[in-house]
Asks: 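Handing you this structure, nothing more for now.
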Amino acid sequence: MSTALDAVLNGCRLLPVLTVPSTAMAGPLADALAAGGARCAEVTFRTPGAERVLKEMAAHGGLAVGAGTVLTPEQAERAVAAGARFVVSPGFDEEVVAKCRELGVSVVPGIATATELMRALRAGLDTVKLFPAEPLGGLRTLRALAAPFPGMRFVPTGGIDAYRMAAYLADPAVLAVGGSWLATSAHLETGNYEEIRRLTADAVERSTV
């Protein structure tokens with residue numbers, strides 16, 4: 001089943017979730033992810049320089065870059081202006097969804113309950129983020145939520161690592177998996193881009209098995 005996000009991700013099933021404290025890290029980080037085989041990335045709006053980081057990473061050319069942790073329509077507008085090709089929220093907000101529609105970008109709101117899934121369905125969405133996936137019960141919860149909504153696709157994020165990823169990706173309801181283990185704050189603060197490349201290459205290989 002195809003979704004609007006499918007076209008943006010173009011088959012990319014591993015979504016690195018990035019919180020980048022310095023704009024100077026954006027270029028080397030994009031290089032490391034691309035060298036490891038990543039083709040998409042989510043830059044979270046959790047730092048003051050997130051907009052500039054997103055803009056630089058989007059200019060890299062090798063990655064489809066989106067904005068994460070988008071909480072308001074104004075943030076969505078700034079993210080798209082910076083080059084975001086999709087928008088991800090931790091929860092479901094009608095105004096953020098409406099703004100993204102107005103801007104012509106895919107939006108992936110977070111859900112944790114069947115009630116939120118029904119709201120997303122009423123809003124005409126076909127892809128949602130299950131967040132926080134592992135604390136909510138992991139794959140068992142995802143499957144329980146997916147069963148009554150056969151047309152919905154999920155991007156589970158939160159507590160997933162390289163070893164749990166494969167089981168999620170094997171489920172037909174899962175479009176992609178988001179993960180922050182690929183580029184942690186420790187990696188970035190120490191400039192360990194080679195480890196980011198290695199972890200990304202390993203995860204990309206696991207995601208295609």
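The figures here come from the full heavy-atom set of this structure, side chains too, leaving out hydrogens, waters and symmetry mates.
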Asks: Please, which pairs that meet disulfide (SG to SG under 2.5 Å) have at least one residue in residues 118-175, sequence neighbours excluded?
Replies: none
Asks: Please check if Leu130 and Leu169 belong to a single hydrophobic cluster, counting links between Ile, Leu, Val, Met, Phe, Trp and Tyr side chain heavy atoms closer than 4.5 Å.
Replies: yes
Asks: Please determine which of Leu33, Leu182, Val65 meets the side-chain contact (heavy atoms from CB on, under 4.5 Å) test together with Leu18.
Replies: Leu33
Asks: Tell me who clusters with Tyr163, hydrophobic residues only, linked when side chains sit under 4.5 Å apart either directly or through other members.
Replies: none
Asks: Looking only at heavy atoms, what is the nearest atom pair of Cys40 and Leu15, with distance?
Replies: SG-CD1, 3.8 Å
Asks: Hey, does Ile111 have a side-chain heavy atom less than 4.5 Å from the side chain of Phe154?
Replies: yes
Asks: Which value, rounded to the nearest 0.5 Å, describes the distance between Leu145 atom CG and Arg140 atom CZ?
Replies: 12.5 Å
Asks: Go through the structure and list residues passing side-chain hydrogen bond (donor to acceptor under 3.5 Å, both in side chains) with Ser185, not counting sequence neighbours.
Replies: none
Asks: Between Phe131 and Val155, is any pair of side-chain heavy atoms under 4.5 Å apart?
Replies: no
Asks: Do you know which two heavy atoms are closest between Pro16 and Ala38, and how far apart they sit?
Replies: CG-CB, 4.3 Å
Asks: For the atom pair CZ (Arg85) and CG (Leu9), what is the distance rounded to the nearest 0.5 Å?
Replies: 8.5 Å
Asks: Can you tell me if Arg206 uses its side chain to pair, donor with acceptor, with the backbone of Met165 under 3.5 Å?
Replies: no
Asks: Please table the atom pairs, donor to acceptor, closer than 3.5 Å between any side-chain atom in residues 116-123 and protein atoms at least two apart or in another chain.
Replies:
unit_1	atom_1	unit_2	atom_2	d
Glu116	OE1	Ala112	N	2.6
Glu116	OE1	Thr113	N	3.0
Glu116	OE1	Thr113	OG1	3.2
Arg119	NE	Glu94	OE2	3.3
Arg119	NH2	Glu94	OE1	3.1
Arg119	NH2	Glu94	OE2	2.8

Asks: Under a 4.5 Å side-chain heavy-atom rule over Ile, Leu, Val, Met, Phe, Trp and Tyr, are Val128 and Val174 clustered together?
Replies: yes
Asks: Indicate every side-chain donor-acceptor pair of residues 51-59 with a distance under 3.5 Å to a residue at least two apart or in another chain.
Replies:
unit_1	atom_1	unit_2	atom_2	d
Glu51	OE1	Arg78	NE	2.7
Glu51	OE1	Arg78	NH2	2.9
Arg52	NE	Thr23	OG1	3.4

Asks: Side chains of Ser106 and Thr127: closer than 4.5 Å at any heavy-atom pair?
Replies: no
Asks: Sequence neighbours left out, what passes salt bridge (Lys or Arg N to Asp or Glu O under 4.0 Å) with Glu95? Give chain and number order.
Replies: none
Asks: Which pairs with one or both residues in residues 28-42 pass side-chain hydrogen bond (donor to acceptor under 3.5 Å, both in side chains), sequence neighbours excluded?
Replies: Asp31-His60
Asks: Using the side-chain hydrogen bond (donor to acceptor under 3.5 Å, both in side chains) rule, collect all pairs that involve residues 165-179, keeping only residues at least two apart or in two chains.
Replies: Glu134-Tyr168, Arg143-Asp171
Asks: Any donor and acceptor pair, going by atom type alone, linking the side chain of Thr47 with main-chain N or O of Val20 inside 3.5 Å?
Replies: yes
Asks: Tell me whether Ser207 contacts the main-chain N or O of Leu14 through its side chain, where contact means a donor paired with an acceptor under 3.5 Å.
Replies: no
Asks: Got a sec, which residues hit salt bridge (Lys or Arg N to Asp or Glu O under 4.0 Å) with Arg198, two or more places apart in sequence or on another chain?
Replies: Glu195
Asks: Rounded at 0.5 Å granularity, tell me how far NE2 in His187 sits from CD1 in Ile196.
Replies: 6.5 Å
Asks: What is the minimum heavy-atom distance between Leu142 and Ala173, and which atoms define it?
Replies: CD2-CB, 4.4 Å
Asks: Apply side-chain hydrogen bond (donor to acceptor under 3.5 Å, both in side chains) to Arg46 and list each qualifying residue two or more places apart in sequence or on a separate chain.
Replies: Thr69
Asks: Any chance you could measure Asp126, atom CG, to Phe149, atom CZ, to the nearest 0.5 Å?
Replies: 14.0 Å
Asks: Calculate, to the nearest 0.5 Å, the distance between atoms CZ and CG belonging to Arg197 and Asn192 respectively.
Replies: 11.0 Å
Asks: When hydrophobic residues are tied together by side-chain contacts of less than 4.5 Å, even through go-betweens, does Met152 share a cluster with Val107?
Replies: no
Asks: Do you know the tightest heavy-atom contact between Trp181 and Leu199?
Replies: O-CD1, 3.7 Å
Asks: Same cluster for Val8 and Val97 if Ile/Leu/Val/Met/Phe/Trp/Tyr side chains link at under 4.5 Å?
Replies: no
Asks: I'd like to check the side-chain hydrogen bond (donor to acceptor under 3.5 Å, both in side chains) partners of Thr19; sequence neighbours left out, ordered by chain and number.
Replies: Thr44
Asks: Grab the two heavy atoms, one from Val96 and one from Pro73, that are nearest each other, plus how far apart they are.
Replies: CG2-N, 3.9 Å
Asks: Side-chain contact, heavy-atom cut-off 4.5 Å: Pro90 with Thr157?
Replies: no
Asks: Tell me the closest heavy-atom pair linking Ala133 and Pro156, and the distance in Å.
Replies: CB-CB, 3.9 Å
Asks: Among residues at least two apart in sequence or on other chains, which ones pass disulfide bond (SG atoms under 2.5 Å apart) with Cys100?
Replies: none
Asks: I'd like to know if the side chain of Arg13 and the backbone of Leu175 have a donor-acceptor N/O pair within less than 3.5 Å.
Replies: yes
Asks: Is there a chain of hydrophobic side chains (I, L, V, M, F, W, Y, each step under 4.5 Å between heavy atoms) that links Phe45 to Met25?
Replies: yes
